[in-house]
Amino acid sequence: SQQGEEDPQALSIQEGENATMNCSYKTSINNLQWYRQNSGRGLVHLILIRSNEREKHSGRLRVTLDTSKKSSSLLITASRAADTASYFCATVTYKYIFGTGTRLKVLA
Amino acid sequence: GAVVSQHPSWVICKSGTSVKIECRSLDFQATTMFWYRQFPKQSLMLMATSNEGSKATYEQGVEKDKFLINHASLTLSTLTVTSAHPEDSSFYICSASDRGVGNIQYFGAGTRLSVL
């Protein structure tokens, strides 16, 4: 079964707004990673957060991890039209399991 | 940054033929490579994990005789879809890591396979 469940499944916002997507998982993990996928393309790594970390930043991205709730969130601040893509979380134990993904559409 | 090249990007074949997809790490040595399958608007499903010089580890439900994986060198892994059928039509993506499972994966651009 899939490890990560993401919500919302789809999100549509205006340029300049913040976008938040959530990932929940079921078992203990070594780390959790977020990836981005443009339509019909491969995935690009965004950020990795280890199980002993609670928050991490990279540019306009902010990721939090709550291991007690087995959940993570990805916040994209001041979104741009170019951020339109699907975003996946991947939980890492002895293998990677990808979440169901959030399709983000940023309207110009 | 690390680059993974996947080829071809699109292939159309007749039912019953075999198709080979290549995945190359261009500027790093990939100790571990992964093959995924993705259906439209769905997540990635891990098919198999391969380490250079050893047999691939297939996920439950993935037919190893149907999807042949070879990881002959530290920069090249291939996936061969044997005797392809229309239900094998999908988007196949490879990824590579220079430090094995647990670290960042670098993805190829994917291969869209259409079996007629």
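Below, chains carry the letters A, B, ... as their sequence lines are ordered, and counting in each starts from 1.
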- Item | Common cluster, B/F34/B/L68, ILVMFWY with side-chain heavy-atom separation under 4.5 Å | no
- Task: Please determine, among A/R50, A/Q9, A/H45, the option with the most heavy-atom pairs under 4.5 Å with chain B.
- Result: A/H45
- Item | Over 12 foreign heavy atoms within 6.0 Å of NE2, B/H7 | no
- hydrophobic_cluster_shared for B/V62 and A/F98, side chain cutoff 4.5 Å: no
- Message: Is B/Q38 close to chain A through its backbone or its side chain, or both, or neither, when contacts mean heavy atoms under 4.5 Å?
- Response: side chain
- Straight-line distance of B/I104 CD1 to A/I47 CD1, nearest 0.5 Å: 10.0 Å
- Message: Return the CZ to CD1 distance between A/R41 and B/I93, rounded to the nearest 0.5 Å.
- Response: 10.5 Å
- Message: Please determine whether side chain to side chain contact (heavy atoms under 4.5 Å, CB included) holds for the pair B/F107 and A/Q37, giving the CA-CA distance in whole Å, both sets of side-chain angles, and the decisive distance to 0.1 Å.
- Response: CA-CA 10 Å; B/F107 282 81; A/Q37 182 182 35; over 6 Å; no
- Considering only heavy atoms, which portion of A/N31 lies under 4.5 Å from any heavy atom of chain B: side chain, backbone, both, or neither? side chain
- Do B/S43 side-chain atoms and A/G99 backbone N/O form a donor-acceptor pair below 3.5 Å? yes
- Residue A/L43 versus chain B: region with a heavy atom under 4.5 Å: both
- Task: Find the distance between CD (B/E59) and NZ (A/K95) and round it off to the nearest 0.5 Å.
- Result: 3.5 Å
- Should we say atom NZ of B/K55 is surrounded by more than 12 heavy atoms from elsewhere, each under 6.0 Å from it? no
- Task: Taking the six-membered ring for Trp and the single ring otherwise, decide whether the centroids of A/Y96 and B/Y36 are under 6.0 Å apart.
- Result: no
- Treating Ile, Leu, Val, Met, Phe, Trp and Tyr as nodes and any side-chain heavy-atom pair under 4.5 angstrom as an edge, say whether B/F67 and B/L44 lie in one connected cluster. no
- Item | Connected via hydrophobic side-chain network under 4.5 Å: B/M45 and A/Y87 | no
- Message: Taking CZ in A/R80 as the centre, count heavy atoms belonging to other residues, nucleotides or ligands within less than 6.0 Å. Is the count above 12?
- Response: no
